[in-house]
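Here is the structure we will look at.
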Amino acid sequence: MPELSRREFAQLLGSSAAIAALPLKASPQKAVRLGANENPYGPSPAALQAMRDAFSVACRYPGAEESALVAEIAGLHRVPERQVLLGNGSSDIIRLAVAAFTGPQRAVVMADPTFELAGLHASAAGTEVRRVPLDASYALDAARMLEASRGAGLVYICNPNNPTATITPDKALRSFLASLPTDTVALVDEAYDHYATSSEYSSVIDLVAKRPNLIVSRTFSKIYGMAGLRCGYCIAQEPAISRLSAQQNFNNMNVMALVAARASLRDGQQVTESRRRNSDTRAWLRQNVERLGYRMLPSEANFVMIDTGRDVKPLITSMRANGVRVGRLFPAMPHHLRVTIGTPDEMRRFVEELGRIS
């Protein structure tokens, strides 16, 4: 059929017979989402049931459910409830930290590359952003970060790091935090904590008790499969929590996310099974990526960084055009492709596409 003008197409739409005469096209293959580090298996059954049960209180403000989740988190980490702040995802915590601790004369310091949000919020507010390249092992370059942190308001550290999926070893990170000036706040983003299995990795939540300038954030978006529900939190000493909460909207949490988060914390099987599935599929992916001649960075998360050896932009474009939505370009690593660990079927689709365009 020849190409139709807008007028001709509109006229066709008025005729059911004409519509029936249009040639049929095969339904496009369902897109594979491997670009946002989501857990493809979703929330636990306990979380789903908790949300169904919560419809009866959806007409109420979330204060009671907020308090209940704060108590649960405080018990989990053995900290006072006043040292816990909930956020609309851990992205909310990052936004609050930038607002509370930075300004025209108080810069944000962050690795390059890392999760960009702190820098985006700072730039939007006219705050200086100081970016420090990762070291040769894709870990925090402690010496250069300390130098850049002079006079800064906030240092943002993602560990395991997004987008590299690598870690800064525990000993190095603790040494860095101990050396940081007390008037500069460190926000350690542990969004991928549950996936890390390296003996060199550890959470730094235990340091909060003796470091008033330390904030540690977590999220329910990753291993708990709640990215669309938006729930996160941070642990910090009370003065820091007060400064963060002063920047926060009232009633910014929703009941469904709150009850799902509580149920998730009680479902240990969710973490164990999600970690196992991720580890098994990631190992399969590494084997097949290397078979195609590519190199994959060591991963301690639910995504990987693949060295393609060439400009990655055309590869990203081609994959997305064929229904495989991989990660975005990270300018500091222009030859690397970030890929979320999906289901086995999704990863087979990715490997097939990677092989086709190699």
Side-chain angles (χ1 to χ4, degrees), residues 37 39 73 76-79 90 110-111 113-115 132-146 155-180 186-211 214-224 233-235 264-265 267-290 295-307 333 336 338-341 347:
N37 303 342
N39 181 343
I73 292 168
L76 173 67
H77 295 296
R78 300 180 181 179
V79 298
S90 59
M110 55 198 298
T114 193
F115 184 47
V132 179
L134 296 169
D135 68 16
S137 64
Y138 299 100
L140 198 73
D141 188 328
R144 294 181 66 181
M145 288 286 282
L146 278 174
V155 177
Y156 172 77
I157 302 165
C158 188
N159 197 38
N161 186 48
N162 178 13
T164 58
T166 52
I167 60 166
T168 295
D170 183 56
K171 184 177 180 181
L173 180 54
R174 289 171 184 263
S175 176
F176 171 81
L177 293 173
S179 302
L180 196 66
L187 170 58
V188 179
D189 181 350
E190 295 184 349
Y192 304 97
D193 168 86
H194 295 94
Y195 290 108
T197 59
S198 170
S199 60
E200 293 190 300
Y201 171 82
S202 179
S203 168
V204 293
I205 286 178
D206 63 291
L207 292 182
V208 167
K210 55 185 178 184
R211 294 209 64 80
L214 176 61
I215 302 166
V216 183
S217 64
R218 293 281 185 91
T219 185
F220 289 90
S221 294
K222 304 305 177 183
I223 207 161
Y224 292 112
Y233 64 92
C234 70
I235 309 292
S264 296
L265 290 177
D267 185 2
Q269 186 63 26
Q270 163 84 350
V271 172
T272 301
E273 186 63 13
S274 290
R275 186 188 290 123
R276 182 194 65 77
R277 284 171 159 174
N278 182 78
S279 179
D280 289 349
T281 308
R282 187 177 59 198
W284 179 91
L285 178 64
R286 176 179 294 278
Q287 184 179 40
N288 283 272
V289 164
E290 291 176 350
R295 186 175 73 92
M296 203 166 88
L297 300 188
S299 172
E300 294 289 336
N302 67 331
F303 58 95
V304 299
M305 201 65 148
I306 300 170
D307 185 353
M333 300 178 73
H336 287 74
R338 194 191 69 179
V339 184
T340 302
I341 303 298
M347 302 322 294

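Counting non-hydrogen atoms of other residues, nucleotides and ligands closer than 6.0 Å to CZ of R78 gives a total of 12 or fewer.
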Decide yes or no on side chain to side chain contact (heavy atoms under 4.5 Å, CB included) for T164 and L134, but give the supporting numbers first.
CA-CA 10 Å; T164 58; L134 296 169; 3.8 Å; yes
Evaluate the side chain to side chain contact (heavy atoms under 4.5 Å, CB included) criterion for residues D307 and L297: first the C-alpha distance (whole Å), next the side-chain angles of each, then the deciding distance (0.1 Å), finally the verdict.
CA-CA 8 Å; D307 185 353; L297 300 188; 5.6 Å; no
Could you walk me through whether T168 and F176 satisfy the side chain to side chain contact (heavy atoms under 4.5 Å, CB included) test, starting with their C-alpha distance in whole Å, then the side-chain angles of each, then the deciding distance to 0.1 Å, before giving a yes or no?
CA-CA 10 Å; T168 295; F176 171 81; over 6 Å; no
Determine, stepwise, if the pair D267 / Y224 fulfils side-chain hydrogen bond (donor to acceptor under 3.5 Å, both in side chains).
CA-CA 10 Å; D267 185 2; Y224 292 112; over 6 Å; no
Take L173 and I167 through the test side chain to side chain contact (heavy atoms under 4.5 Å, CB included) and record every step on the way to the result.
CA-CA 10 Å; L173 180 54; I167 60 166; over 6 Å; no
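Between M333 and M305, some side-chain heavy-atom pair lies under the 4.5 Å cut-off. Here the side chains of T219 and D189 are not in contact, with every heavy-atom distance at 4.5 Å or above. Taking 4.5 Å as the limit, some side-chain heavy atom of M145 sits within range of a side-chain heavy atom of V155. Between V216 and L214, some side-chain heavy-atom pair lies under the 4.5 Å cut-off. Looking only at side-chain heavy atoms (C-beta outward), H336 and I306 stay at 4.5 Å or farther from each other. For the pair H194/R218, a side-chain contact is recorded, criterion being any heavy-atom separation below 4.5 Å from C-beta on. Counting only heavy atoms from C-beta outward, the side chains of L187 and I157 never approach each other to under 4.5 Å. I73 is listed as a side-chain neighbour of L265, based on a closest heavy-atom distance under 4.5 Å.
For the residue pair Q270 and S264, no side-chain donor N or O sits within less than 3.5 Å of a side-chain acceptor on the partner. Side-chain atoms of N39 and R277 form no donor-acceptor pair, as typed in the model, at a separation below 3.5 Å. In summary, the side chains of D193 and S203 do not present any donor paired with an acceptor at a separation below 3.5 Å, with no hydrogens or angles considered.
When each of T114, I215, V188 is checked for a side chain to side chain contact (heavy atoms under 4.5 Å, CB included) with Y156, only T114 meets the rule.
Ring geometry for Y233 against H77 counts as tilted: the plane angle lies between 30° and 60°, on a 0 to 90° scale.
At least one donor-acceptor pair closer than 3.5 Å links the side chain of E190 to the backbone N or O of V204. Counting only distance, with no hydrogens or angles, the side chain of R282 and the backbone of A301 share a donor-acceptor pair below 3.5 Å. Between the side chain of S175 and the backbone N or O of K171 there is no donor-acceptor pair closer than 3.5 Å. Without hydrogens or angle criteria, T166 side chain to A139 main chain gives no donor-acceptor distance under 3.5 Å. Distance alone, capped at 3.5 Å, places no donor-acceptor pair between the N37 side chain and the T340 backbone. With hydrogens and angles ignored, the 3.5 Å screen pairs a side-chain donor or acceptor of R211 with a backbone N or O of L177. A distance-only check finds a donor-acceptor pair linking the side chain of N288 to the backbone of W284 [under 3.5 Å]. Between the side chain of E300 and the main chain of T197, a donor-acceptor pair closer than 3.5 Å is present. Under the 3.5 Å distance criterion, the side-chain polar atoms of S217 are left unmatched by any main-chain donor or acceptor of C234. A distance-only check finds no donor-acceptor pair linking the side chain of N159 to the backbone of N161 [under 3.5 Å].
For R286 against P298, the heavy-atom pair with the smallest separation is NH2-CA, 3.6 Å. What you find for N162 and Y192 is that their closest heavy atoms are ND2-OH, 3.6 Å. Here the shortest heavy-atom pairing between A196 and Y201 reads CB-CD2, 3.5 Å. Nearest heavy atom pair, residue M347 against residue T281, reads CG-CG2, 3.4 Å.
Residues R275 and D280 are not paired through a salt bridge, judged by the lack of any N-O separation under 4.0 Å between the basic side chain and the carboxylate.
Expressed to the nearest 0.5 Å, how far OG of S279 lies from CG of N302 amounts to 12.0 Å.
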